[in-house]
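Presented below is the structure to which this report refers.
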Amino acid sequence: MERQQEFVLRTIEERDIRFVRLWFTDVLGFLKSVAVAPAELEGAFAEGIGFDGSAIEGFARVHESDMLARPDPQTFQMLPWRDEAPGTARMFCDILMPDGSPSYADPRHVLRRVMQKGAELGFTFYVHPEVEFFLLHERPRADLMLPEPIDAGGYFDQTPHDLGHDFRRQAITMLERMGISVEFSHHEVAPGQQEIDLRYADALTTADNLMTMRLVVKEVALEQGIYASFMPKPFTEQPGSAMHTHLSLFEGDRNAFHDASDRFQLSKVGRAFVAGLLKHAAEMTAVTNQWVNSYKRLWGGGEAPAYVCWGHNNRSALVRVPMYKPHKGNSTRVEIRSPDSAANPYLLFAVLLAAGLKGIEEGYELPDGAEDDVWQLTDGERRALGIEPLPGSLSDAIQALESSELMAETLGEHVFDFFLRNKRAEWDSYRHQVTPFELTRYLPVL
């Protein structure tokens, strides 16, 4: 760690960096930032930078508001959209209490704590997210102006003078300049919808990369005179924006999910992990899909998984086991398809890992996989197969979350209580609204 700190200090001096932005994330997943002068960094590495935690969503009550942000030198990167001299860099921070102990309100600490539990069982948790979002002509206003996508393209479309293509090229260039590797990028199904897939990395690095990516995407969009949104479902008649997330556990250099003798090349550990995801799917949905609008995506069609089941290469299932590539055992993974790209990635990866580890520790048995298109089955057929629905609204998801001992343990008392209070308030605010749907449907006839 000291060597990394020395590298940061030396780089700042050599590259004439005058501003260092210290980033951290609140409980809801919003990025926070404070800029410090280079002269303050040695003290920040040693003791942290003090701030008022009561001003940040979910961090502290007023009577316990003093907190510290200590930068993680491993996350040091130049900001490529601040190329002009003097330079600007950023580091993610760990949030500490005044005595130097970790803050249990810090989402980064929540994830690190669950990853440590995995490490004690011998596992390293790797994640590969497929991030979808929309590009719009301008930022929608609060007066209910309808969003307008930048194009009329569809899945994998490539057209001459395609604004989305130019956008993706510039965004990916910026991400790679920050050390964030991109595996794929393309136009998605809906008009204006894009996808950028980050290369797999350990869960903490991936969560940091996702927070960076969301900011980069918005910065590049603004630079091009358009607006980027990670809202789960901005258009009634179009698919929403998912974040299909590929998961794997490694024991050293060996993929713990791979078993060449299994029908699906999925090991006993992998099967138990998937069983954990399924058993705890409902109670973690408030975290994987944390907004009122998230449930318009889950239950609004467009290939969103609304039912708890798994399948081999079955895209209608909540958990999919992708097709095995011969002689590539280390690529064995499972894909969970419910999360949306507006989730808090630290809490998201924490609950996914916790559910999977619970399945391994308790030896959960994996039920039979779904071979049919689950969306086309009747309710009776799904019941006969033992396929339960995910929560139908944020209210349903809150009820499932608040009764979960595993989620309370995973998130920690402070985050668990705040998250529930905030989500209840969001639901109460939403259900009090009279919507355009109601006015259009009922006002003329009632």
Side-chain angles (χ1 to χ4, degrees), residues 25-26 28-33 57 81 129-155 157 162-172 174-175 180 182 185-198 207 209-245 288-304 337-345 348 394 426 429-430 433 435-437:
T25 305
D26 70 10
L28 297 180
F30 291 109
L31 188 64
K32 304 297 178 180
S33 176
E57 286 278 21
W81 62 90
E130 303 174 354
V131 189
E132 297 174 353
F133 56 93
F134 280 90
L135 294 180
L136 310 173
H137 273 301
E138 59 182 306
R139 184 173 189 153
R141 301 189 302 268
D143 59 0
L144 298 181
M145 179 190 79
L146 292 176
E148 182 184 357
I150 63 166
D151 60 46
Y155 191 60
D157 274 2
D162 179 7
L163 183 58
H165 172 76
D166 291 340
F167 167 87
R168 293 192 301 272
R169 181 177 60 183
Q170 186 175 346
I172 290 166
M174 279 198 178
L175 288 169
I180 299 173
V182 173
S185 69
H186 58 84
H187 197 289
E188 253 299 333
V189 172
Q193 191 177 35
Q194 317 294 317
E195 178 175 311
I196 295 177
D197 299 357
L198 302 184
N209 288 348
L210 273 168
M211 294 305 302
T212 303
M213 177 198 168
R214 293 205 294 221
L215 183 63
V216 166
V217 162
K218 287 181 175 289
E219 289 280 354
V220 172
L222 291 172
E223 187 176 306
Q224 296 191 3
I226 55 179
Y227 180 72
S229 175
F230 294 89
M231 181 177 175
K233 192 170 172 66
F235 300 99
T236 301
E237 302 301 327
Q238 297 293 345
S241 289
M243 188 167 70
H244 302 153
T245 304
T288 62
N289 306 87
Q290 73 176 65
W291 309 103
V292 160
N293 181 251
S294 299
Y295 298 83
K296 304 296 177 69
R297 171 187 157 252
L298 285 182
W299 290 97
E303 298 190 3
R337 298 174 62 81
S338 57
D340 55 55
S341 53
N344 181 332
L348 167 64
L394 182 61
E426 181 181 345
S429 178
Y430 172 73
Q433 301 297 316
T435 65
F437 171 88

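When reading the values below, keep in mind they use all heavy atoms of this one structure, side chains included, and skip hydrogens, waters and symmetry mates. Residue numbers count from 1 along this sequence. The structure displayed is predicted, hence computed values, not measured ones.
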Exercise for the section: Rounded to the nearest 0.5 Å, what's the gap from CH2 on Trp291 to NZ on Lys296? Could you check? Expected result: 15.0 Å
Handout entry: Side-chain touch Phe133/Met231, heavy atoms, less than 4.5 angstrom
Key = no
Practice task
Grab the two heavy atoms, one from Leu135 and one from Ala228, that are nearest each other, plus how far apart they are.
Solution key: CD2-CB, 3.8 Å
Exercise for the section: Locate the shortest heavy-atom distance separating Ser229 from Leu136; write the atom from each residue and the value. Expected result: CB-CD1, 4.4 Å
Practice task
Determine the minimum heavy-atom distance between Phe167 and Ala221, stating which atoms define it.
Solution key: CE1-N, 3.6 Å
Exercise for the section: Measure the shortest side-chain to side-chain distance between Phe235 and Pro147 over non-hydrogen atoms and say whether it is less than 4.5 angstrom. Expected result: yes
Problem - Backbone of Leu28 reached by a side-chain donor or acceptor of Gln290 within 3.5 Å - result: yes
Problem - Any side-chain heavy-atom pair of Glu188 and Gln194 under 4.5 Å - result: no
Exercise for the section: For residues Phe230 and Met243, determine if any side-chain heavy atom of one lies less than 4.5 Å from a side-chain heavy atom of the other. Expected result: no
Completion exercise
Rounded to the nearest 0.5 angstrom, the NE2-CG distance for His186 and Asp197 is 5.5 Å
Practice task
Spell out, as yes or no, whether a donor-acceptor pair under 3.5 Å connects the side chain of Ser341 to the backbone of Val131.
Solution key: no
Practice task
Side-chain contact test, heavy atoms from C-beta onward, threshold under 4.5 Å: evaluate it for Met211 versus Thr25 and give yes or no.
Solution key: yes
Exercise for the section: Look only at the side chain of Gln238 and the backbone of Pro191, and say whether a donor-acceptor pair between them is shorter than 3.5 Å. Expected result: no
Problem - Side-chain touch Pro345/Met213, heavy atoms, less than 4.5 angstrom - result: no
Handout entry: Leu198 side chain reached by Val182 side chain, heavy atoms, under 4.5 Å
Key = yes
Practice task
Rounded to the nearest 0.5 Å, what's the gap from CD on Glu223 to CD on Gln170? Could you check?
Solution key: 4.5 Å
Problem - Pairwise side-chain contact, Asn289 with Pro232, heavy-atom cut-off 4.5 Å (strictly under) - result: no
Practice task
Working to the nearest 0.5 Å, report the span between NE2 of His244 and OG of Ser338.
Solution key: 9.0 Å
Handout entry: Nearest heavy atoms of Gln193 and His187, plus distance in Å
Key = O-ND1, 3.3 Å
Exercise for the section: For residues Gly29 and Asn344, report the shortest heavy-atom separation together with the two atoms involved. Expected result: N-ND2, 3.3 Å
Practice task
Find the distance between OH (Tyr295) and CG (Asp340) and round it off to the nearest 0.5 Å.
Solution key: 8.5 Å
Exercise for the section: List the steps, then state whether side chain to side chain contact (heavy atoms under 4.5 Å, CB included) holds for Tyr430 with Leu394. Expected result: CA-CA 10 Å; Tyr430 172 73; Leu394 182 61; over 6 Å; no
Exercise for the section: Heavy atoms only: give me the nearest Asp166-Gln224 pair and the separation to one decimal. Expected result: O-NE2, 3.8 Å
Completion exercise
When rounded to the nearest 0.5 Å, the distance separating CG of Leu31 from CG of Leu210 is 12.0 Å
